[in-house]
Amino acid sequence: MMDLWLKDALAHSDLSQAELARRLTEKLRKNIDRAAVNKMTLGKREISGKEMLAIEEITGWEAPTAREAKIDIIPKLSWVSAGRLVAGESVRAEDADSFVAVADLPIGKWAALEVRGDSMDRVAPDGALILVDFADTHLIDGKFYVFKCEEDHGTSFKRYRARPDRFVPYSTNPEHEPFYPDGPCQILGRAWRVVTDLK
C-alpha cells in the first residue's frame with residue numbers, strides 16, 4: 001500500500017527517484033540514496049513516519065493517513081516504543097517505525113505493536129502484530145489489553161479476567177503466570193486483531 005502511495009507521489013510531483021532521494025537526504029539530514037527510494041517503491045523497504053511526512057511535503061501528495069478510504073494506514077511501533085505510550089493519546093505519525101495497511105477497522109485511535117515473547121502465543125505468536133485501539137480502555141472480562149502498572153513500569157499485553165482482577169497469559173509455555181496488580185494500572189488500549197505471517 002505504501003509503495004503504491006510513493007509511486008503516485010513521484011508521478012504527481014514529476015520527481016525522479018534520484019531527486020527525491022537527494023531532497024530527503026537534505027531534509028532529514030541522513031543519507032537516503034536512490035536505491036533506498038527504489039526499494040520503497042517496490043515494497044522492499046519500509047517508509048518511516050518521518051520519511052512519509054517529508055515525502056508528503058516534498059511532493060505535495062497527501063499522505064494516506066489523511067485520506068478517506070476503506071483501507072486504513074495505521075502506525076506500527078516497536079515494543080520499545082510501547083513502553084512510552086500514554087493512555088488516551090493518539091500515536092503521532094512521526095513516532096512510527098513504519099505503517100501497516102488494514103481493512104475494516106472501526107473508528108478509534110489505532111496503532112500496530114509487534115509482539116515479543118511467547119506469553120500470548122496461543123493468539124499472538126512472537127513477531128505477530130496486534131492492532132490496538134488506544135481509545136478503548138474500558139476493561140471487559142475475557143478481552144485482551146495493552147497496559148502498564150506502577151510497580152512494573154513496562155508495557156505488557158495480556159488477557160483481562162475479573163473477580164479477582166488479573167491479567168493472564170494465553171500461552172503454551174506453563175512458566176508464565178497470571179499478574180495480580182497491587183496498585184492502579186494504566187490501560188493503554190484494547191487489542192482487537194492479530195496479524196501474523198505463516199512460516
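In this chain, numbering begins with 1 at the start of the sequence shown.
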* How far does CZ of R22 sit from CD1 of I58, to the nearest 0.5 angstrom? -> 9.0 Å

* **Intermediate values then yes/no, side-chain contact (heavy atoms from CB on, under 4.5 Å), I74 and L131** => CA-CA 9 Å; I74 67 172; L131 306 185; 3.8 Å; yes

* **K143 atom NZ, over 12 foreign heavy atoms within 6.0 Å** => no

* **Where V115 and A124 come nearest, the two heavy atoms and their spacing** => CG1-O, 3.7 Å

* Asked: Does a donor on one side chain and an acceptor on the other come within less than 3.5 Å for S119 and K158?
  -> yes

* Structure fact -> Hits for ring-ring contact (aromatic ring centres under 6.0 Å, His included) against F167, two or more places apart or cross-chain, chain-then-number order -> F147, Y160

* Just checking, any donor-acceptor pair under 3.5 angstrom between side chains of K50 and S48? -> no

* Looking at P169, C149, S156, which hits side-chain contact (heavy atoms from CB on, under 4.5 Å) with F179? -> C149

* Closest non-hydrogen atom pair between A111 and F134, with its separation -> CB-CE1, 3.5 Å

* Between D126 and G117, which heavy-atom pair has the shortest distance, and what is it? -> OD1-N, 2.7 Å

* Going from CG on D33 to CG on N38, what distance comes out if it is rounded to the nearest 0.5 angstrom? -> 10.0 Å

* Flag, side chain of W192 to backbone of L105, donor-acceptor distance under 3.5 Å -> no

* Structure fact -> The reported gap from CE in M40 to CD1 in I55 (rounded to nearest 0.5 angstrom) is 5.5 Å

* To do: Verify side-chain contact (heavy atoms from CB on, under 4.5 Å) between R190 and V146, making sure each step is shown before the conclusion.
  => CA-CA 6 Å; R190 178 177 163 187; V146 174; over 6 Å; no

* V132, V123: one ILVMFWY side-chain cluster at the under-4.5 Å cut-off? -> yes

* Structure fact -> Separation between OG1 (T155) and CZ (R116), nearest 0.5 Å, reads 12.0 Å

* **N173 and H176: CA distance, side-chain angles, deciding distance, side-chain contact (heavy atoms from CB on, under 4.5 Å) verdict** => CA-CA 6 Å; N173 183 347; H176 295 292; 3.6 Å; yes

* Given side chains that start at C-beta, do those of Y145 and I140 come closer than 4.5 Å, heavy atoms only? -> yes

* Asked: Taking the side chain as C-beta and beyond, is there a heavy-atom pair between I73 and M2 under 4.5 Å?
  -> yes

* Structure fact -> dist D3:CG -> I47:CD1 (nearest 0.5 Å) comes out at 7.5 Å

* Please check if the side chain of W61 supplies one atom and the backbone of E57 the other of a donor-acceptor pair under 3.5 Å. => no

* Taking a hydrophobic cluster as the set of Ile, Leu, Val, Met, Phe, Trp and Tyr residues connected by side-chain heavy atoms closer than 4.5 Å, whether directly or through intermediates, do L15 and L28 fall within one such cluster? -> yes

* Asked: T172 and D121: side-chain donor and acceptor closer than 3.5 Å?
  -> yes

* Test applied, salt bridge (Lys or Arg N to Asp or Glu O under 4.0 Å); reference residue, E51; option that passes from K27, R23, R45 -> R45

* Looking at residues at least two apart in the chain, or sitting in another chain, which of them share a salt bridge (charged side-chain N to carboxylate O under 4.0 Å, His left out) with D141? -> R161

* Sidechain-backbone polar pair: R166 side chain, P164 backbone, donor-acceptor under 3.5 Å -> yes

* **Single-linkage hydrophobic cluster, 4.5 Å side-chain cutoff, L188 and V168 together** => no

* **Shortest non-hydrogen contact from S171 toward D118** => OG-O, 2.7 Å

* **L10 and T41: CA distance, side-chain angles, deciding distance, side-chain contact (heavy atoms from CB on, under 4.5 Å) verdict** => CA-CA 10 Å; L10 286 167; T41 64; 3.9 Å; yes

* To do: Kindly say whether K76 contributes a backbone atom to a donor-acceptor pair with the side chain of S98 at under 3.5 angstrom?
  => no

* Rounded to the nearest 0.5 Å, how far does OG1 of T137 lie from NZ of K109? -> 9.5 Å

